[in-house]
Amino acid sequence: MRGKFITLEGGEGVGKSTQVRALAGALRDRGIDVLVTREPGGSEGAEKIRELLLAGSEERWGPRAEALLFAAARADHVEKTIRPALEGGHWVLNDRFVDSSLAYQGGAGGLGIETVREINAFGIAGCYPDRTLVLTATEGSERARARDSGGSDRIGGRPDDYHRKVDAAFRIIAAEEPERVRLIDASGSPEEVTQRLLDAIADLLP
Ligand code: TYD
């Protein structure tokens, strides 16, 4: 039987990495065999593209080339890592996936959510998540944490206005696809947040 494909999303500094680890642990405690992976990256080729995307100056890539590089990395990740794992019956928990491209390159980067959806549809070739969990924090706390945590790579270091647009785009995407995409309140203790994530995938659990 095919495994379930879960993706975790969110802006900068919402505690996503901590929650990926915690959710993977909670799934394993339930006897689920879960592969944890991340984007950009998650396969040999995609990790190479990650270096191209995140290092260097803002001017290194224009918006279209940047969106295509994310989509190319994702296509390789799907082909080499995600699809084989799902077909082998494993669950896949991905730290970021297509919705990051929709929010960052589409919503904040100015290409438009629909355009970025189209170029990614080609790369993903039908491999959509069973559920996408978007961690959301109140704007003030989110930016404060982002200042502490990020700011060092090409994209994390973009101005506050860019990151506000990312957050707004995630909310639009969740409203467009309410069955797949769920907004999860990232406030409170890490344990509380993990429980909210588990509640949002309760219908998928064995
Ligand atoms: P990473 O160090 O993995 O950050 P995080 O802990 O926030 O996930 O860096 C990934 C950066 O790339 C992050 O700023 C989000 C951005 N990104 C996009 O702009 N588009 C995408 O499609 C993906 C997957 C990530």
Side-chain angles (χ1 to χ4, degrees), residues 5-24 36-43 45-58 60-78 81-82 92-124 127-129 132-137 142-170 173 181 184 186 190 193:
F5 183 20
I6 312 289
T7 61
L8 233 75
E9 298 279 5
E12 312 288 315
V14 286
K16 187 164 51 59
S17 307
T18 307
Q19 289 303 324
V20 167
R21 279 194 299 275
L23 184 58
V36 177
T37 185
R38 65 137 183 213
E39 291 203 356
S43 64
E47 290 290 335
K48 296 272 187 235
I49 299 175
R50 177 186 174 92
E51 292 166 23
L52 298 175
L53 276 164
L54 298 185
S57 68
E58 178 61 41
R60 186 174 193 184
W61 308 108
R64 285 165 192 269
E66 178 179 297
L68 287 164
L69 283 167
F70 274 112
R74 182 162 302 123
D76 192 65
H77 187 206
V78 166
T81 306
I82 297 172
V92 173
L93 180 58
N94 199 355
D95 185 343
R96 296 193 182 282
F97 192 57
V98 63
D99 301 285
S100 278
S101 279
L102 302 186
Y104 283 79
Q105 284 66 50
L111 295 175
I113 290 173
E114 214 35 61
T115 303
V116 177
R117 213 194 292 276
E118 281 168 21
I119 62 169
N120 276 278
F122 175 73
I124 290 169
C127 192
Y128 285 94
T132 294
L133 307 167
V134 182
L135 289 168
T136 58
E142 184 157 331
R143 293 310 301 148
R145 263 183 281 175
R147 271 191 293 276
D148 293 343
S149 66
S152 50
D153 63 55
R154 256 188 88 247
I155 294 170
R158 287 178 181 165
D160 278 6
D161 183 52
Y162 182 92
H163 292 288
R164 270 193 291 276
K165 288 181 186 161
V166 168
D167 297 332
F170 273 128
I173 296 160
V181 185
I184 306 293
V193 179

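First listed ligand is number 1; within each ligand, the first listed atom is number 1.
- Taking all atoms of both residues into account, the shortest heavy-atom contact from G109 to Y162 is N-CE1, 3.8 Å.
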Requested in this report: Report the C-alpha distance between V14 and T136 in whole Å, list the side-chain angles of each, state the deciding distance to 0.1 Å, and finish with yes or no for side chain to side chain contact (heavy atoms under 4.5 Å, CB included).
Outcome: CA-CA 7 Å; V14 286; T136 58; over 6 Å; no
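- Closer than 4.0 angstrom to ligand 1 by heavy atom are E12, K16, E39, P40, R50, L54, F70, R74, R96, S100, S101, Y104, Q105, D153, I155, G156, sorted by chain and number.
- Remark: the backbone N or O of E58 is paired with a side-chain donor or acceptor of R154 at under 3.5 angstrom.
- Looking at D95 and V36, their side chains never come closer than 4.5 Å, going by heavy atoms from C-beta outward.
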Report task. Check the pair T132 / I173 against side chain to side chain contact (heavy atoms under 4.5 Å, CB included), numbers first and verdict last. Result -> CA-CA 10 Å; T132 294; I173 296 160; over 6 Å; no
Query raised in the report: Would F97 and F5 satisfy ring-ring contact (aromatic ring centres under 6.0 Å, His included), going step by step from the backbone distance to the final call?
Result: CA-CA 11 Å; F97 192 57; F5 183 20; 5.0 Å; yes
